[in-house]
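Just so it is clear: chains get the letters A, B, ... in the order the sequence lines come, proteins before strands, and each one is counted from 1. Note that this is a predicted model, so its numbers are computed, not measured.
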Amino acid sequence: MNIDQIKERLKKMLVDKLRLKRTLESIKDNEPLFREGLGLDSIDSLEIVVLIEREFDLSISADELKDTAKIFKDVQSLADFVALLLTKK
Amino acid sequence: MQLKDKVAIVTGASKGIGKAIALLLASQGAKIVVNFATEKMLAEEVVKKIGHNQALAFAAHVEKPDEVASMIRETLKHWGRIDILINNAGIINDKFLMVMTDDEWQKVIDVNLTGVFNCCRAVAKQMVAQKSGKIVNISSTAAVRGLLGQANYAASKAGLEGLTKAFAKEMSHYNIYINSIAPGFIESDRVAELREDIKRDYLRLIPMERFGLPEEVAQVALFLVTEAASYIQGQTIMVDGGITV
């Protein structure tokens, strides 16, 4: 799976599961996930972790989530994080 | 000079609430050990402000019993007694519990709770021998409010309050007082760094519609270490602008 495919799956996951009132096409890769960006709240990051685990069949440890601010910055950073975890799988 | 000839150890005294307490106790005549973990320059500034004949800076990580023991030895070597211990040193490392690492949990518990245990245990023998002593533990409203992302911090402060009550019962017989203060949102480096919208959110929660000042916490600490508080034991005093009301 390449990075673009990961980003598409993440955007679909966010829209479908977190009920974002946005179209997939309107979400920019570098748009902040929280507050003024996609309007998510930091507490939503917990659900995103669970959703990623299920979507990509991953098991994410707390140690892998140390730098949450960096990981949950935008779709691009989230995709980079998922790509990294997939290489370790 | 309510504290003339008294000797006080204030942990985490290089800035914020600890610094305000150190300065206020010193203004009442107490000799002060300005404890710090890493910020030596800031601690030295506090000592300079108080005066080198009345204060000394001492580096000790409160979570390390050997370093605490050294601090106690040094205090006794300098001034021969310990009348007051202010357990103020503390850290935060906020994270949602579900994604909190073992280290992020443990480090906060180690400094905020085990550190208080270490310091209390280390001064207890001296205070029992003196048949007097005042210990003030700096808790937080997080102990009862359990703020979002602060499972480690809230647990450490709730633990500190339990320790305060148990230790107060053990030490009452020896005329040793142990109480705690639970500050709410206090003006600090951390509050200064908050985004304006988050500051506004916090202020909406506070009936007094403002953050507290370190000096306002220090006044309560001073009260607790003087004879004015001679019948207060094992309590937690909230200094929070009404946020827990």
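- Rounded to the nearest 0.5 angstrom, B:Ile138 CD1 and B:Ile86 CD1 are separated by 6.5 Å.
- Interface remark: A:Ser61 contributes no atoms to any contact with chain B (heavy atom separation under 4.5 Å).
- Heavy atoms of A:Ile43 lying under 4.5 Å from chain B belong to its backbone as well as its side chain.
- Ranked by heavy-atom pairs under 4.5 Å with chain A, the first of B:Glu104, B:Lys95, B:Met100 is B:Lys95.
- Side chains of A:Arg9 and A:Lys12 form no contact here, defined as non-hydrogen atoms less than 4.5 Å apart.
- Note that CG of A:Leu18 and CD1 of A:Ile48 are 5.5 Å apart. Values are rounded to the nearest 0.5 Å.
- Using cut-offs of 30° and 60° for the angle between ring planes, the A:Phe72 and A:Phe34 rings count as tilted.
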